[in-house]
There are 2 protein chains.
Amino acid sequence: MEKNIVDILKKNQLSITDSRKKILSLFVQSNGALAHADIEHQSGTEFDRVTIYRTLQTFVDKGIIHTIPTTDNSVRYALCKDDCSAGHHHDDHVHFMCDNCGTTYCLDHITVPAVKLPKGFKVTQTDVVVSGVCNNCNN
Amino acid sequence: MEKNIVDILKKNQLSITDSRKKILSLFVQSNGALAHADIEHQSGTEFDRVTIYRTLQTFVDKGIIHTIPTTDNSVRYALCKDDCSAGHHHDDHVHFMCDNCGTTYCLDHITVPAVKLPKGFKVTQTDVVVSGVCNNCNN
DNA sequence: AATGCAATGCAACGGCGTTGCAAAACAAAT
DNA sequence: ATTTGTTTTGCAACGCCGTTGCATTGCATT
Ligand SMILES: [Mn+2]
Ligand SMILES: [Mn+2]
Ligand SMILES: [Zn+2]
Ligand SMILES: [Zn+2]
């Protein structure tokens, strides 16, 4: 869906460049989250790594992708399927990391549970990261 | 409690060294989690930063401290108050990061909720990181 | 086609975490 | 207390990650 990719960029008032088209298409095709290294690898020497960093940051700012907290503290990104916009992310779903294949999934339909905190604590965001074996590896 | 510190080290079959005593005492005194930089700062030029890295790793291996997943993907450590031992951590409590003062807390009495996952996913660990304003800043 | 502005590539930098190795410190035995 | 073997430490070096400044290129608009 080359068309679809361009539409997403236009809708977010981003100019259409090769790197943005390529990187965004990688996210659309992928079913799991992508790290900077994944993108660098999958796009060969096509783009400078700085461009990848900047493109990822732009996409996050625009609400096109969101960062995912991980237990191995690496930075991963995935498409926002929620109604995210510039400066307002609403990706309140559970994330899953497979210990076997390393894939990180957005479980978009599993919303994070409410956590009761001690008096005096004000909650603004809750992140849930589940580790284990994914349905793809579990057969 | 100089005595207490040494006891913990002995109980874990670790030789008693200046760096281990110092670093462990920092954790015992602190009410929040510590990053490598915090320890480096609070111990001045007393120890090489490599020693701090190795000491932290040793403590994690022994089940004395545990790592804490954070949303800003920095590495933080805190004392295990649960019955953790070498190779077997059981720190299934919620962690809280204050957006205001930056402190990361172990909410030892708040256990992580069970999360229902789609069929085929096997859960081995669940991490919950809550962000917001802590009870110390909220006054 | 020309213009103004935004994005990219390149080079350099600082910070983080790791590794190898020699020196120092520790624990156990004499 | 001294010796001995083992563990820990400090130092140096390295690679990786993410950032920044700046000149060049590419994009969108007229
Ligand atoms: Mn997600
Ligand atoms: Mn904890
Ligand atoms: Zn898997
Ligand atoms: Zn606070």
Side-chain angles (χ1 to χ4, degrees), chain A residues 2 5-26 33-62 64-77 86 102 104, chain B residues 2 5-26 33-62 64-77 86 102 104:
Chain A
E2 161 80 19
I5 301 293
V6 172
D7 285 347
I8 295 175
L9 292 175
K10 280 185 180 170
K11 189 169 61 187
N12 287 278
Q13 302 164 35
L14 292 173
S15 53
I16 315 300
T17 68
D18 289 347
S19 60
R20 285 174 179 167
K21 279 190 288 185
K22 176 67 177 180
I23 294 173
L24 183 50
S25 71
L26 288 178
L34 297 175
H36 178 277
D38 297 326
I39 296 167
E40 199 169 355
H41 186 257
Q42 290 184 42
S43 59
T45 67
E46 204 169 347
F47 311 111
D48 193 88
R49 62 195 190 92
V50 178
T51 299
I52 299 175
Y53 281 117
R54 290 196 267 228
T55 302
L56 289 171
Q57 189 55 54
T58 300
F59 286 176
V60 170
D61 291 342
K62 288 292 187 177
I64 299 173
I65 61 176
H66 61 280
T67 59
I68 299 177
T70 57
T71 51
D72 63 351
N73 77 288
S74 61
V75 187
R76 308 219 173 179
Y77 304 86
T104 300
Chain B
E2 162 80 19
I5 300 293
V6 172
D7 284 347
I8 295 175
L9 292 175
K10 280 185 180 167
K11 188 169 61 188
N12 287 277
Q13 303 164 36
L14 292 173
S15 53
I16 315 300
T17 68
D18 289 346
S19 60
R20 285 174 180 168
K21 279 191 289 186
K22 177 68 176 179
I23 294 173
L24 183 51
S25 71
L26 288 178
L34 297 175
H36 178 276
D38 297 326
I39 295 168
E40 199 169 355
H41 187 255
Q42 290 185 40
S43 60
T45 67
E46 205 170 345
F47 312 110
D48 192 90
R49 63 194 190 92
V50 178
T51 300
I52 298 175
Y53 280 116
R54 290 196 268 228
T55 303
L56 289 171
Q57 189 55 54
T58 300
F59 286 176
V60 170
D61 291 343
K62 288 292 188 177
I64 299 173
I65 61 178
H66 61 280
T67 58
I68 299 178
T70 58
T71 50
D72 62 353
N73 75 290
S74 61
V75 187
R76 308 219 172 177
Y77 303 86
T104 300

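A note on names: the letters A, B, ... follow the listed sequences, proteins ahead of strands, and every chain is numbered from 1. All values reported here derive from a predicted model rather than from experimental measurement.
Atom NZ in Lys21(A) sits roughly 15 Å away from atom C1' in dT8(C) (whole-Å rounding). Distance Tyr53(A) OH to dG14(C) C1': 14 Å, rounded to the nearest Å. Separating the NE2 atom of His36(B) from the C1' atom of dT18(C) is a distance of 11 Å, rounded to the nearest angstrom. Between the P atom of dG15(C) and the CG atom of Asn73(A) lies a distance of 19 Å, rounded to the nearest Å. Rounded to an integer number of Å, the gap from CD of Gln57(B) to P of dC16(C) is 18 Å. Whole-Å rounding puts the Tyr77(B) OH to dC16(C) P distance at 12 Å. In this structure, the CD atom of Glu40(A) is 17 Å from the P atom of dG15(D), given to the nearest Å. Atom CD1 of Ile52(B) is separated from atom P of dC16(C) by 12 Å (rounded to the nearest Å).
Checking dT30(D) for Watson-Crick or G-U wobble geometry (two distances, each under 3.5 Å) identifies dA1(C) as its partner.
For Ser19(B) and dT8(D), the shortest distance from a side-chain N or O to OP1 or OP2 is not below 4.0 Å.
Contacts of Glu46(A) with the nucleic acid, taken as non-hydrogen atoms under 4.0 Å apart, involve only primed sugar atoms and P, OP1 or OP2.
Across all non-hydrogen atoms, the minimal contact from Ile64(A) to Leu24(A) is CG2-CD1, 3.9 Å. When all heavy atoms are compared, the tightest approach of Gly102(A) to Arg76(A) is O-NH1, 2.9 Å. Between Tyr77(B) and Thr67(B) the shortest heavy-atom distance is CE2-CG2, 3.5 Å. Of all the heavy atoms in Ile5(B) and Ser25(B), the pair that sits closest is CD1-CA, 3.6 Å. Annotation for Asp38(B) and Ala33(B): closest pair OD2-O, 4.3 Å, computed over non-hydrogen atoms.
Along DNA chain C, the nucleotide closest to Arg49(A) and the one closest to Thr58(A) are compared, and the more 5′ of them pairs with Thr58(A).
With sequence neighbours excluded, the residues forming a side chain to side chain donor-acceptor pair (under 3.5 Å) with Glu40(A) are His36(A), listed by chain and number.
Taking the side chain of Asp48(A) as heavy atoms from C-beta on, and the options dT18(C), dT19(D), dG9(C), the nearest nucleotide is dG9(C).
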Original post:
What string of B, S and - do you get for nucleotides 20-30 of chain C, 5' to 3', when a contact is any protein heavy atom under 4.0 Å?
Top reply: B-----SS---

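Here the straight-line distance linking atom CZ of Arg20(A) with atom CG of Leu56(A) works out to 11.5 Å at 0.5 Å rounding.
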